[in-house]
Each structure stands twice: as C-alpha cells, then as structure tokens.
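Worksheet: the structure to be examined is printed underneath.
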Amino acid sequence: MNRRYRKTIIAGNWKMNKTPAEAKALIEEMKPLLSKTKWCEMVLCVPFTDIQAAVKAAKGSKIAIGAENMHFEKSGAFTGEISADMLKELGVKYVIIGHSERRQYFNETDEACGKKVQVALENGLRPILCVGESLTEREQDVTMEVIRKQIKIALQNVAVEDIKKVVIAYEPIWAIGTGKTATAEQANEVCSAIRDCLREKYGARAARGITIQYGGSMNAKNASELLAQPDVDGGLIGGASLKSADFATIVEAANQ
C-alpha cells in the first residue's frame, strides 16, 4: 500500500448470499469490530435485494454499501436488470463491474464493461472494475496481454479527470473460490504492471493515485502479506467478507 498517493479500499463481495434480515444481522456484527478503522475505506457490495437493509444497517458507521452489478442503460425493456439511477437512489456508493463470474456465466464483454464504467461515473458511483486471467492464460504467459486488453477497452472513454474515481481489482480467475492465491510477489507484479498500463494512458501522476486491489482469495491469514506490497492498495474480498471476524482481521491488516 502507498497511502501517500492513494486510498486503501477493502471491499466485500457477498455474491448471491444473505437475505435482507441476514444482511442486517451481519452488518450489526461487523460495526463494532470495524469502528476503529483509521486509514482504509470499507465497502460491502451486496445483492440488490439486500441494499436497502444494508444501507440502513450501515448508517452512522464507516461502512459504505456497494452493488454487485448494474446495467448501462437508464431504463427500458431489460427484464431483471438494475440501472444506475436505481442504485443511486438507494444510497449505493460503489458498484462492481466485470467480475469474472459475470464475464464467464453471463457473457459480459469488455465493451459492455466500458459502458457500465462510464454510466457509473456519470451517476456519481465509483466503479470497481475487475480484470484478470485464467489459469491457461497464466500458464501460457499471456497474463498482461489479457489484462491490458481488458483495461484499455473498458476505460477507453474515461477521461483523465475521472480515472481516480475508478478502482481496479486484479482478480486472477484461477484464484477465485478455489482456495489458491497468487503469492504476494505475483500479486504485486501484476498490480504494478496494471499501473504501468494506466500510466501509458493517463500519465504518471494520475496512475499513481489509482487504487488497485487484489481479489483472488484474500483472507484473514494472507491479507497482511498481500497488503504489505507497494502496489496492492486493498482487496476485493469474497468468502471472508461473509464472516465478521475474518473481514475485521483483513481491515485491521490494511490499517497497519
């Protein structure tokens, strides 16, 4: 982490877990554990059905509520989709865009992610743009070609004055939900290369201020080592964000 230039952000991604009542209970559990946070921003990205309960439960705390996805259109015949307007009115501050599960199971493209990033920014939401490679792509040594393509297409219409509002989450697909984790050095190597890619497009000053998270099975045991890396500015946390003690341990590591 480098707090001199950029914000440390620990964000939970609850995925398809927790009813509204369960969301309220978990946040109430977390609040006293997270009350002494000094340096990092805490975000919980919850299912759409939980947002209203989560915003209410988090009121008065340092926890911001985010969404797990959104559509790029303002309204229309898009059954089952959610717009930026809807999220904003509910009190959402962040939105995850392009998670590997959305790309894999719902065929989201880099172009669609780019539209979502732009609409999120236009509506005052901070996008958490997920990028990452598969195991085959890593084994074939094309990690950065894949990630550079994802970044360049998704951010092609983002102006330099808006880029600091974007959070990048490096999520090696082979490490999501598998129990496998990139080593701290591997994570930092890719996060540093992502910053190099951003530097090419936006310049050194802008790139230096962008928060780049690691999101491949960060947990209570490995968080300290990962967050000690200079280009790892936080985490996008899956399973561990559903356990109040584990999430608090990760946040504590980010505050060291």
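One-based numbering along the sequence shown. All figures in this text were calculated on a predicted structure; none of them were measured in a lab.
Taking a cutoff of 4.0 Å between a charged side-chain nitrogen and a carboxylate oxygen, Asp50 and Lys24 do not qualify as a salt bridge.
Val131 and Trp174 fall into different hydrophobic clusters, defined by Ile, Leu, Val, Met, Phe, Trp and Tyr side-chain heavy atoms under 4.5 Å apart, directly or through other members. In the hydrophobic clustering of ILVMFWY residues, with side-chain heavy atoms under 4.5 Å counting as a link, Ile173 and Met144 come out apart. Transitive grouping of hydrophobic side chains (ILVMFWY, heavy atoms separated by less than 4.5 Å) keeps Val43 and Leu227 in distinct clusters. Val251 and Leu33 sit in two unconnected hydrophobic clusters of ILVMFWY residues. Membership requires side-chain heavy atoms under 4.5 Å apart, directly or through other members. No continuous path of ILVMFWY side-chain contacts below 4.5 Å connects Val146 to Val117, so the two sit in separate hydrophobic clusters.
Looking at Gln213, its side chain does come within 3.5 Å of a backbone N or O of Ile9 through a donor-acceptor pair. Using a distance-only test at 3.5 Å, with no hydrogens or angles considered, no donor-acceptor pair links the side chain of Arg126 to the main chain of Gly66. Judged purely by atom type and a 3.5 angstrom limit, Glu22 uses its side chain to pair as donor or acceptor with the backbone of Thr19. A donor-acceptor pair under 3.5 Å links the side-chain atoms of Tyr214 to the main chain of Gly216, judged by distance alone. Looking at Asn13, its side chain never comes within 3.5 Å of a backbone N or O of Val46 through a donor-acceptor pair. The backbone N or O of Pro47 sits nowhere less than 3.5 Å from a side-chain atom of Trp14 that would complete a donor-acceptor pair.
Taking all atoms of both residues into account, the shortest heavy-atom contact from Leu125 to Met70 is CD1-SD, 4.2 Å. The two residues Cys40 and Ile10 come nearest to each other via the heavy atoms SG-CG1, 4.0 Å. Pro32 approaches Ser35 most closely through the heavy-atom pair O-OG, 3.1 Å. Taking each heavy atom of Arg103 and Cys113 in turn, the nearest pair found is NH2-SG, 3.8 Å. Closest approach of Cys45 and Ile128 over heavy atoms only: SG-CD1, 4.4 Å. Contact between Ala187 and Ala182 at its shortest, heavy atoms only, is N-CB, 4.2 Å.
Taking 4.5 Å as the limit, some side-chain heavy atom of Leu129 sits within range of a side-chain heavy atom of Leu155. Residues Phe48 and Ile82 have side chains in contact (heavy-atom distance under 4.5 Å, counting atoms from C-beta outward). The closest side-chain heavy-atom distance from Asp110 to Lys149 is below 4.5 Å. Contact annotation: the side chain of Gln256 approaches that of Glu252 to within less than 4.5 Å [non-hydrogen atoms, C-beta and beyond]. The side-chain heavy atoms of Glu137 and Thr143, taken from C-beta on, include no pair separated by under 4.5 Å. Annotation: side chain of Phe247 is in contact with side chain of Leu44 (closest heavy-atom distance under 4.5 Å). Within the 4.5 Å cutoff, side-chain heavy atoms of Glu41 are placed close to those of Tyr94.
Within 6.0 Å of CD on Glu81 lie more than 12 heavy atoms contributed by other residues, nucleotides or ligands. By the 6.0 Å contact criterion, NZ on Lys31 is enclosed, its count of non-hydrogen atoms from other residues, nucleotides or ligands being greater than 12. The 12-atom threshold is exceeded at CD of Glu161, counting heavy atoms of other residues, nucleotides or ligands nearer than 6.0 Å. Other residues, nucleotides and ligands place more than 12 heavy atoms under 6.0 Å from the CD atom of Gln186.
Looking only at atom types and distance, the side chain of Asn69 has a donor-acceptor partner in the side chain of Lys116 under 3.5 Å away.
Applying the side chain to side chain contact (heavy atoms under 4.5 Å, CB included) criterion to Thr136, with sequence neighbours excluded, gives Ser134, Gln140. A search for salt bridge (charged side-chain N to carboxylate O under 4.0 Å, His left out) contacts involving Arg102 returns Glu108, not counting sequence neighbours. Taking Lys243 as the reference, Asp246 meet the side chain to side chain contact (heavy atoms under 4.5 Å, CB included) condition, with sequence neighbours excluded. Lys165 meets the salt bridge (charged side-chain N to carboxylate O under 4.0 Å, His left out) test with Asp162; sequence neighbours excluded. For Arg148, the side chain to side chain donor-acceptor pair (under 3.5 Å) partners two or more places apart in sequence, or in a different chain, are Glu200. Scored by the salt bridge (charged side-chain N to carboxylate O under 4.0 Å, His left out) test, Lys15 finds Glu101 as partners (sequence neighbours excluded). With sequence neighbours left out, Glu145 forms a side chain to side chain contact (heavy atoms under 4.5 Å, CB included) with Val142. Scored by the salt bridge (charged side-chain N to carboxylate O under 4.0 Å, His left out) test, Lys59 finds no partners at all (sequence neighbours excluded). For Gln156, the side chain to side chain contact (heavy atoms under 4.5 Å, CB included) partners at least two apart in sequence or on another chain are Ile153.
A distance of 6.0 Å separates CG of Leu90 from CD of Gln52, quoted to the nearest 0.5 Å. In this structure, OH in Tyr170 is found 10.0 Å from CD in Gln150, a value given to the nearest 0.5 Å. Between Met42 atom CE and Ile237 atom CD1 the span is 13.0 Å, to the nearest 0.5 Å. Here Leu34 contributes atom CG and Ser244 contributes atom OG; the two are 8.5 Å apart, rounded to the nearest 0.5 Å. One distance of note links CG of Leu236 with SG of Cys130; it measures 5.0 Å at 0.5 Å rounding. One distance of note links CD of Glu139 with CD of Glu133; it measures 10.5 Å at 0.5 Å rounding.
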Query raised in the report: Run the side chain to side chain contact (heavy atoms under 4.5 Å, CB included) check on Lys201 and Lys152 step by step: do they pass?
Result: CA-CA 8 Å; Lys201 181 174 175 59; Lys152 288 190 172 186; 5.8 Å; no

**Report entry** Residue pair Trp39, Asn255: steps toward the side chain to side chain contact (heavy atoms under 4.5 Å, CB included) verdict
**Finding:** CA-CA 5 Å; Trp39 306 110; Asn255 281 294; 3.5 Å; yes

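Judged by a 6.0 Å distance limit and a 45° cone about the ring axis, Arg208 is positioned over the six-membered ring of Tyr5.
Note on residues 61-87: pairs passing ring-ring contact (aromatic ring centres under 6.0 Å, His included), not counting sequence neighbours, are His71-Phe78. For residues 63-80, every residue pair satisfying the salt bridge (Lys or Arg N to Asp or Glu O under 4.0 Å) rule, not counting sequence neighbours, is listed here: Lys74-Asp85.
Remark: of the listed residues Ile96, Ile212, Thr211, Ile97, Thr211 is the sole one forming a side-chain contact (heavy atoms from CB on, under 4.5 Å) with Val167.
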Side-chain donor-acceptor pairs under 3.5 Å in residues 188-197, sequence neighbours left out?
{"residue": "Asn188", "atom": "OD1", "partner": "Asp231", "partner atom": "N", "Å": "2.8"}
{"residue": "Arg195", "atom": "NE", "partner": "Asp231", "partner atom": "OD1", "Å": "2.6"}
{"residue": "Arg195", "atom": "NH1", "partner": "Ala207", "partner atom": "O", "Å": "3.0"}
{"residue": "Arg195", "atom": "NH1", "partner": "Ile210", "partner atom": "O", "Å": "2.7"}
{"residue": "Arg195", "atom": "NH2", "partner": "Asp231", "partner atom": "OD1", "Å": "3.4"}
{"residue": "Arg195", "atom": "NH2", "partner": "Asp233", "partner atom": "OD2", "Å": "2.7"}
{"residue": "Asp196", "atom": "OD1", "partner": "Arg199", "partner atom": "NH1", "Å": "2.4"}

